[in-house]
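First up is the structure itself, then whatever we jot down about it.
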Amino acid sequence: MEVIIKRSSVEVSHLAARIVAHQVKRKPDSVLGLATGATPELMYSSLAHMHRDEKLDFSRVTTFNLDEYVGLAANHPHSYHHYMETNFFSHVNIPKERIHIPDGLAKDIPASCREYEAAIHAAGGIDLQVLGLGTDGHIGFNEPSSSLSSRTRIKTLTEQTVDANRRFFSKGEKVPHHVITMGVGTIREARCCILIAYGEGKADAVARMVEGPITAMVPASVLQLHENTIVIVDEESARNLARRDYYHFVYNNKVAWQRYE
Ligand code: F6R
């Protein structure tokens, strides 16, 4: 696990965007795993700028989103379909047929989850998975106690996560408790993961993910077992990391070919 500590959320997002762009340039038919939520918004707008200004080409890219709310139609303003369309897909040139997001209205949820897994497999697996981090240590919507080998399935959100998500919904609107999410096992199979987090609200989860024991109570901690994971955090969310100085030293002393910027 490589831990990179940047000064601000803007720097975190720009570095994440550069890593995604590098992946797409190196392998134009990359399969990207994508996250929603507040954290990656600036990364998506950065990638949209690269598409517009530097002609970063997504025409051969395939995407799989991590999750979707059960019961929300794709055109619902708070669905993750809508989020992705607004924040990213409408600004770049990924062909519609290459975009995959779990179906929140699926009649047979277990069958649609199996199909989602099969589609990832048929696409050759995920090359680069972008992840955010829940304050309770979740990745995707794999809440604490999720099996570390779990696959795409329905999950029930904790009250902590429902409360955190409430900020995206209108006052009085019901926040869904049920989601379809890629499993921890699905995420672990990605060839590379980049996890981004910022703000002091994430400090506890970041420390438990990076330096705590590997446990289903902090699903993100399983990334310690992943051979190619980059954690990009800001100073505020890194403040509980015991080995902060070491991570800075490693990053500042990389040899030229290891650098992302
Ligand atoms: C959403 C997802 C979640 C979020 C996490 C953090 O697709 O996978 O794990 O990344 O809940 O959400 P924000 O970024 O809103 O703090």
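Numbering of ligands and ligand atoms starts at 1, following listing order. For the single chain, residues carry numbers from 1 onward in sequence order.
Between Asp127 and Arg191, at least one side-chain nitrogen of the basic residue sits less than 4.0 Å from a carboxylate oxygen of the acidic one, meeting the salt-bridge criterion.
Here His81 pairs with Glu68 under the side-chain hydrogen bond (donor to acceptor under 3.5 Å, both in side chains) rule; sequence neighbours left out. Residues forming a side-chain contact (heavy atoms from CB on, under 4.5 Å) with Ala256 (at least two apart in sequence, or on another chain): none. Applying the side-chain contact (heavy atoms from CB on, under 4.5 Å) rule to Glu211 yields the partners Leu241, Ala242, Arg243, Tyr247; only residues at least two apart in sequence or on another chain are considered.
You'll find the ring centres of Phe168 and Tyr83 outside the 6.0 Å limit. A ring-centre distance under 6.0 Å is not found for His91 and Phe88.
Protein residues are said to neighbour a ligand when one of their heavy atoms lies under 4.0 Å from it; for ligand 1 these are Ala35, Thr36, Gly37, Ala38, Thr39, Leu66, Asp67, Gly132, Leu133, Gly134, His138, Gly140, Phe141, Arg167, Phe168, Lys202.
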